[in-house]
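What follows is one structure encoded as structure tokens, with my remarks underneath.
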Amino acid sequence: MLCMENDMKTIAILGGGASGMAAALAARETLDNEVLLLERQSRVGRKLLATGNGRCNLTNLHALPERYHGEDPAFAVPALTRCDPDRTLSWFASLGLLTRAEPSGRVYPLSDAAGSVVDALRLAMDARGVTTVCGFTAAEVRLEGGRFTVASDTGKTVECDKLIVACGGMAGAKLGGVRDGYDLLASLGHKCTGLHPSLVQLKTDNTWTRAMKGVRTQAGIALIDGNTTLAEARGEVQFTDYGVTGPGIYDISRSASLSGEGAILRLRLLPELNEVDIINYFIQKQENFPNYMAENLLTGTLHNTICRTFLRRAGIPADTRLWALSEEMLRELAALVTAFDLPLIGTLGFTEAQVTAGGMETSDFDPVTMESRLVSGLYACGEVLDIDGDCGGFNLQWAWSSGRAAGLAAAGLTEEAL
């Protein structure tokens, strides 16, 4: 339910990404407001076009609060409750976008093309009278007489009654990730946490991973520092010449980005089996096919390249016959399958990251309206705040939810919780 509270005003939104476009459309749900969307790039939604490998994983049906992180993850609860995945999908349907959900809960446009999502948002903004200005890089924000003046890097200025900062984060620098939003909010008195890349590829000792470049496998994944397990996940891992990537790696990359020196990435290949199960499998294969070569020991379970790499690591010639493998050799190979350890070096950084972990401290914002507690009429939403989600559509759901909350509040509209 929507209800008007205030008279006409000018609302400016900095950033034409997911949260910015959601805010613009929400603010324009009453025609009594002038809404300006200011985007630094030549077009809106550029980063959105790259999400989900170009398919745009726009939400997840399991977008519960426990899938979000930050110094105070509970900050996300009101917005996620008022605009949950079901309401988000209804909203997109009202814009003409049809979607489909996968068994994992990930939701994609029916077209399987991110461009469909961007076009639906862009056309809706045009139809509803949102004024979009591209090529506008906000360099300074001043508050004078209760109104905001936003100055661009070229000297152009925009005045507004309400200002929504939806500039995104530092992740995805190639697609426009910047720290503008942090700096602008800091200039108005807000503080920022430490910033770290998340949902990003990991650099490890590549002595063995580069030999398996391009090979994908399912694995149990653990990030270990001494006797402490920092994070655990299970999913697809892809080996690379610099280390590892894949959805399973993204799930623990936030913790990896925050970890100190000495952390170990432990991969449990064949995660359904324990070490005893694997040894018994080896013994049975040895008995049934004694003249097979050692490189065929894992045929039917793991990629042959993985088997050959493990044999080299164990110092066993690939052409050794199975009958010649000792119990000690079988145990060493089984141990590699259940605990393939890779010393962690770091991440590929913000350039390759999909999300920024950290952001503006949420304690200085109202979790229902996204309005600053320090500056009346100032709002922030999306990645610029210290909230980030797991891999799988959770971050875009936060963008829609927080953007809509900010846009409605700035327009003087309220939306009842579900």
Side-chain angles (χ1 to χ4, degrees), residues 201-253 255-256 259 262-345:
Q201 306 93 321
L202 299 185
K203 289 182 181 179
T204 69
D205 182 311
N206 67 350
T207 304
W208 305 106
T209 66
R210 62 188 174 192
M212 299 184 285
K213 180 180 179 179
V215 174
R216 302 170 187 261
T217 186
Q218 293 293 314
I221 306 161
L223 183 66
I224 299 170
D225 186 359
N227 295 321
T228 303
T229 299
L230 303 177
E232 291 183 291
R234 181 167 170 172
E236 182 182 281
V237 175
Q238 180 180 346
F239 297 104
T240 72
D241 54 3
Y242 57 77
V244 285
T245 186
I249 295 301
Y250 289 160
D251 283 338
I252 59 95
S253 63
S255 296
S259 68
I264 295 290
L265 187 68
R266 176 165 294 170
L267 302 181
R268 183 182 182 88
L269 309 183
L270 301 179
E272 299 84 357
L273 306 177
N274 59 37
E275 190 169 339
V276 173
D277 294 330
I278 294 170
I279 291 172
N280 289 336
Y281 168 78
F282 287 167
I283 291 173
Q284 183 180 36
K285 202 160 192 178
Q286 190 180 46
E287 291 174 348
N288 292 341
F289 306 101
N291 289 317
Y292 273 14
M293 290 187 291
E295 65 178 0
N296 300 126
L297 183 62
L298 284 163
T299 300
T301 57
L302 291 173
H303 197 287
N304 286 343
T305 300
I306 296 176
C307 186
R308 288 193 291 269
T309 301
F310 283 2
L311 288 169
R312 286 197 298 275
R313 183 160 173 168
I316 301 171
D319 59 356
T320 304
R321 300 296 176 177
L322 293 192
W323 62 263
L325 296 179
S326 66
E327 181 178 345
E328 181 180 352
M329 291 176 178
L330 296 180
R331 289 189 180 280
E332 184 173 359
L333 291 170
L336 284 173
V337 173
T338 56
F340 181 40
D341 287 353
L342 298 169
L344 180 68
I345 296 173

- From OG1 (Thr245) to CZ (Arg216), nearest 0.5 Å: 8.5 Å
- Task: Find out whether Leu322 and Pro290 are in side-chain contact, i.e. whether some heavy atom of one side chain is under 4.5 Å from a heavy atom of the other.
- Result: no
- Message: Quick one, Phe340 and Arg268 - any side-chain contact, counting heavy atoms below 4.5 Å?
- Response: no
- Message: Ignoring hydrogens, what is the shortest heavy-atom contact between Ala222 and Glu232? Give both atom names and the distance.
- Response: CB-CG, 4.2 Å
- Message: Is any side-chain heavy atom of Pro247 closer than 4.5 Å to one of Asp251?
- Response: no
- Message: What I'd like to find out is whether the side chain of Ile279 reaches to under 4.5 Å of the side chain of Glu275, using heavy atoms alone.
- Response: yes
- Message: Side chains of Glu327 and Leu330, heavy atoms from C-beta outward: is any pair under 4.5 Å?
- Response: no
- Test item: Ile249 and Leu265 side chains (from C-beta on) under 4.5 Å apart, heavy atoms: yes
- Message: Working to the nearest 0.5 angstrom, can you tell me the gap between Tyr242 OH and Arg210 CZ?
- Response: 15.0 Å
- Taken to the nearest 0.5 Å, the spacing of Lys203 NZ from Leu344 CG works out to 11.0 Å
- Task: Return the minimal non-hydrogen interatomic distance between Ala334 and Ile278, and the atom names on each side.
- Result: CB-CG2, 3.9 Å
- Under 3.5 Å donor-acceptor, Ser326 side chain and Met329 backbone: yes
- Query: Got a second to check how far Ile306's CD1 is from Leu311's CG, nearest 0.5 Å?
  - Reply: 12.0 Å
- Query: Is a donor on one side and an acceptor on the other found under 3.5 Å between the side chain of Arg321 and the backbone of Asn291?
  - Reply: yes
- Item | Verdict with reasoning, Ser259 to Asp225, per side chain to side chain contact (heavy atoms under 4.5 Å, CB included) | CA-CA 8 Å; Ser259 68; Asp225 186 359; 5.7 Å; no
- Tell me, with the steps shown, if Leu269 and Phe310 meet side chain to side chain contact (heavy atoms under 4.5 Å, CB included). CA-CA 12 Å; Leu269 309 183; Phe310 283 2; 3.6 Å; yes
- Message: Checking the side chain of Asn280 only, and the main-chain atoms of Asp277 only, is there a donor and an acceptor separated by less than 3.5 Å?
- Response: no
- Task: Could you check Asn206 against Ile345 for side chain to side chain contact (heavy atoms under 4.5 Å, CB included), going step by step and ending with a plain yes or no?
- Result: CA-CA 10 Å; Asn206 67 350; Ile345 296 173; over 6 Å; no
- Message: Can you confirm whether more than 12 heavy atoms, excluding those of Lys285, are under 6.0 Å from its NZ atom?
- Response: yes
- Note on the structure: In terms of heavy-atom contacts, Thr204 and Gly243 come closest through OG1-CA, 3.4 Å
- With salt bridge (charged side-chain N to carboxylate O under 4.0 Å, His left out) as the test, would you mind laying out the steps for Glu272 and Arg234 before giving the verdict? CA-CA 11 Å; Glu272 299 84 357; Arg234 181 167 170 172; 3.1 Å; yes
- Task: Please name the pair of heavy atoms, one in Ala233 and one in Gly248, separated by the smallest distance, quoted to 0.1 Å.
- Result: CB-O, 3.9 Å
- Check whether any side-chain heavy atom of Leu267 lies under 4.5 Å from a side-chain heavy atom of Phe239, and answer yes or no. yes
- Message: Consider side-chain contact (heavy atoms from CB on, under 4.5 Å). Of Ile264, Thr207, Val244, Leu202, which one does Leu342 pass it with?
- Response: Val244
- Query: Are the side chains of Leu336 and Arg313 in touch, meaning some heavy atoms are under 4.5 Å apart?
  - Reply: yes
- Note on the structure: For Cys307 and Ala294 the tightest heavy-atom approach is SG-O, 3.6 Å
- Message: Between Leu297 and Phe282, does the side chain to side chain contact (heavy atoms under 4.5 Å, CB included) criterion hold? Intermediate values first, please.
- Response: CA-CA 7 Å; Leu297 183 62; Phe282 287 167; 3.6 Å; yes
- Looking at CD1 of Ile316 and CD of Glu295, how far apart are the two atoms once the value is rounded to the nearest 0.5 Å? 13.0 Å
- Message: Once rounded to the nearest 0.5 Å, what's the spacing between atom CD of Gln286 and atom CG of Asn288?
- Response: 10.5 Å
- Which atom of Ala211 lies closest to which atom of Thr309, heavy atoms considered: CB-OG1, 4.1 Å
